[in-house]
Amino acid sequence: MELTGVWASLSAENEAFVKAIDGKLSALGYQCKAETIDKGTRVTYTGIKPRRAILNYVVQDDRVLLHLYTDSIASYADSVGTLPEPVRKFLMKGPKCKWLEDPAACNPKCLHGYQYELQGETLRKCRYMCYKFEIGDDNREAARLLIEWESEARSSLVNA
C-alpha cells in the first residue's frame with residue numbers, strides 16, 4: 001500500500017509528523033508495512049535485528065493514533081524526564097507489566113515489559129498496552145522525541 005494515499009486525509013501538521021517518522025525509520029533500516037483495518041489504515045515499522053516493531057500508527061480521517069513500543073526506555077529515561085509534565089504523567093499512567101510483577105500472571109508467550117526510573121519512581125510497564133495516544137499539538141513534539149530516542153537506542157544495540 002502506498003503511504004502517500006494513507007497520508008492524504010491528514011492535516012499538514014500530522015502529515016509532516018508521519019513523513020518525518022517514515023524518513024527517520026526508513027533511513028535506519030526499519031521495514032514499513034501498511035494495511036487496511038476496520039478503523040482505518042495501520043502502518044507498522046519493524047526492525048531487522050531484532051525483528052520487533054518499534055511503533056505502529058493508525059490513520060483515521062485526520063487522526064493519528066500512535067502505539068509506541070519503548071523497549072529501550074531505560075537507556076534514555078533521563079531524557080524522558082525533560083518532557084513536558086502532561087506527557088510524563090501520561091507515561092507514568094501506562095499499565096503495569098504483569099510479567100514483571102508475577103510471571104505466572106501473564107501470557108507465557110509475552111515478550112515482557114520494561115522497567116525504568118522516572119521522577120524517582122520505579123515503573124514496570126507493559127510492552128503491549130503501554131503508550132498508545134492520539135497525536136495532537138500538545139504531544140506531537142514529545143512523541144517525535146520518544147521515537148527518536150527509542151530508534152537511536154535500538155540502533156546502538158544493533159551496532160554494538
Side-chain angles (χ1 to χ4, degrees), residues 1-95 97 111 113-114 116-119 121 123 125-159:
M1 178 178 287
E2 180 65 34
L3 288 180
T4 54
V6 174
W7 300 335
S9 67
L10 296 175
S11 67
E13 296 84 3
N14 282 344
E15 183 178 359
F17 175 76
V18 294
K19 282 182 174 180
I21 290 173
D22 184 66
K24 171 82 173 169
L25 296 180
S26 295
L28 291 171
Y30 283 85
Q31 297 173 341
C32 176
K33 177 183 174 187
E35 58 189 329
T36 302
I37 60 173
D38 290 343
K39 298 178 181 176
T41 303
R42 178 176 45 226
V43 180
T44 303
Y45 289 88
T46 305
I48 295 168
K49 186 178 175 185
R51 186 153 174 70
R52 255 189 222 165
I54 186 171
L55 66 83
N56 63 51
Y57 63 86
V58 175
V59 174
Q60 296 175 331
D61 300 317
D62 183 34
R63 298 172 59 203
V64 176
L65 307 169
L66 179 69
H67 187 171
L68 183 58
Y69 304 102
T70 55
D71 296 6
S72 304
I73 197 166
S75 68
Y76 56 89
D78 289 342
S79 296
V80 172
T82 67
L83 295 174
E85 182 70 21
V87 175
R88 290 194 315 266
K89 283 183 178 180
F90 172 79
L91 295 176
M92 293 177 83
K93 284 183 189 176
C97 173
L111 293 174
Y114 26 85
Y116 65 101
E117 299 274 330
L118 182 60
Q119 294 180 290
E121 187 177 336
L123 304 173
K125 298 299 178 183
C126 175
R127 178 180 202 280
Y128 296 104
M129 299 303 294
C130 217
Y131 311 147
K132 293 181 180 183
F133 49 99
E134 183 172 350
I135 296 300
D137 292 338
D138 58 335
N139 64 10
R140 193 175 287 113
E141 179 60 16
R144 185 193 66 74
L145 288 168
L146 285 166
I147 293 165
E148 182 177 305
W149 295 332
E150 181 65 26
S151 62
E152 288 172 359
R154 289 187 186 200
S155 292
S156 68
L157 292 174
V158 169
N159 296 327

**Request:** Spell out, as yes or no, whether a donor-acceptor pair under 3.5 Å connects the side chain of K89 to the backbone of P84.
**Result:** no

**Item:** Heavy-atom closest pair, residues G113 and C97
**Value:** N-SG, 3.3 Å

**Message:** Once side chain to side chain donor-acceptor pair (under 3.5 Å) is applied, do any residues pair with K19, and if so which ones, sequence neighbours excluded?
**Reply:** E15

**Asked** Tell me, do L3 and C32 make a side-chain contact under 4.5 Å, heavy atoms counted?
**Response** yes

**Message:** I want to check something: taking the side chain as every heavy atom from C-beta on, are E134 and Q60 in contact at a cut-off of under 4.5 Å?
**Reply:** no

**Value rounded to 0.5 Å, distance of CZ in R144 from CG in L66** = 13.5 Å

**Asked** For the side-chain contact (heavy atoms from CB on, under 4.5 Å) test, which of L146, T70, V87, L123 pairs with V80?
**Response** L146

**Request:** Give, for atom CZ of R42 and atom CG of L65, the distance between the pair rounded to the nearest 0.5 Å.
**Result:** 11.5 Å

**Message:** Parallel, tilted or perpendicular, judged at 30° and 60°: which one describes the rings of F90 and Y131?
**Reply:** tilted

**Asked** Do R51 and Q31 touch side chain to side chain, with heavy atoms closer than 4.5 Å?
**Response** yes

**Residues E150, Y76; criterion side-chain hydrogen bond (donor to acceptor under 3.5 Å, both in side chains); working and verdict** = CA-CA 8 Å; E150 181 65 26; Y76 56 89; 2.5 Å; yes

**Request:** Measure the shortest side-chain to side-chain distance between V18 and V43 over non-hydrogen atoms and say whether it is less than 4.5 angstrom.
**Result:** no

**Item:** Test log, rule side-chain hydrogen bond (donor to acceptor under 3.5 Å, both in side chains), inputs N14 and R63
**Value:** CA-CA 8 Å; N14 282 344; R63 298 172 59 203; over 6 Å; no

**Request:** Enter the distance from I37:CD1 to N56:CG here, rounded to the nearest 0.5 Å.
**Result:** 8.0 Å

**Request:** For side-chain contact (heavy atoms from CB on, under 4.5 Å), just list the numbers for K33 and T46, CA-CA rounded to whole Å, side-chain angles, deciding distance to a tenth of an Å, and then say yes or no.
**Result:** CA-CA 8 Å; K33 177 183 174 187; T46 305; over 6 Å; no

**Fill in**
CD1 of I54 to OG of S72, rounded to nearest 0.5 Å, is 8.0 Å

**Request:** Please name the pair of heavy atoms, one in R154 and one in R52, separated by the smallest distance, quoted to 0.1 Å.
**Result:** NH1-O, 3.5 Å

**Message:** Taking NZ in K39 as the centre, count heavy atoms belonging to other residues, nucleotides or ligands within less than 6.0 Å. Is the count above 12?
**Reply:** no

**Asked** Within a strict 4.5 Å, meaning less than it, do heavy atoms of the L91 and L83 side chains meet?
**Response** yes

**Item:** Selection residues 16-56 - residue pairs positive for ring pair (Phe, Tyr, Trp, His ring centres under 6.0 Å), sequence neighbours left out
**Value:** none

**Prompt:** About how many Å separate CD1 of I73 and OH of Y116, when rounded to the nearest 0.5 Å?
**Reply:** 3.5 Å

**Prompt:** When rounded to the nearest 0.5 angstrom, what distance separates CD in E13 from CD1 in I135?
**Reply:** 13.0 Å

**Asked** Any idea which heavy atoms bring C126 and Y114 closest together, and the distance?
**Response** O-OH, 4.0 Å

**Residues L55, L25; criterion side-chain contact (heavy atoms from CB on, under 4.5 Å); working and verdict** = CA-CA 10 Å; L55 66 83; L25 296 180; 3.8 Å; yes

**Request:** For the pair S26 (side chain) and G23 (backbone), establish whether a donor and an acceptor sit closer than 3.5 Å, ignoring hydrogens and angles.
**Result:** no

**Complete:** Correct closest heavy-atom pair for V59 and L10 would be CG1-CD2, 3.8 Å

**Evaluation steps, side-chain contact (heavy atoms from CB on, under 4.5 Å), between E152 and K24** = CA-CA 10 Å; E152 288 172 359; K24 171 82 173 169; 3.4 Å; yes

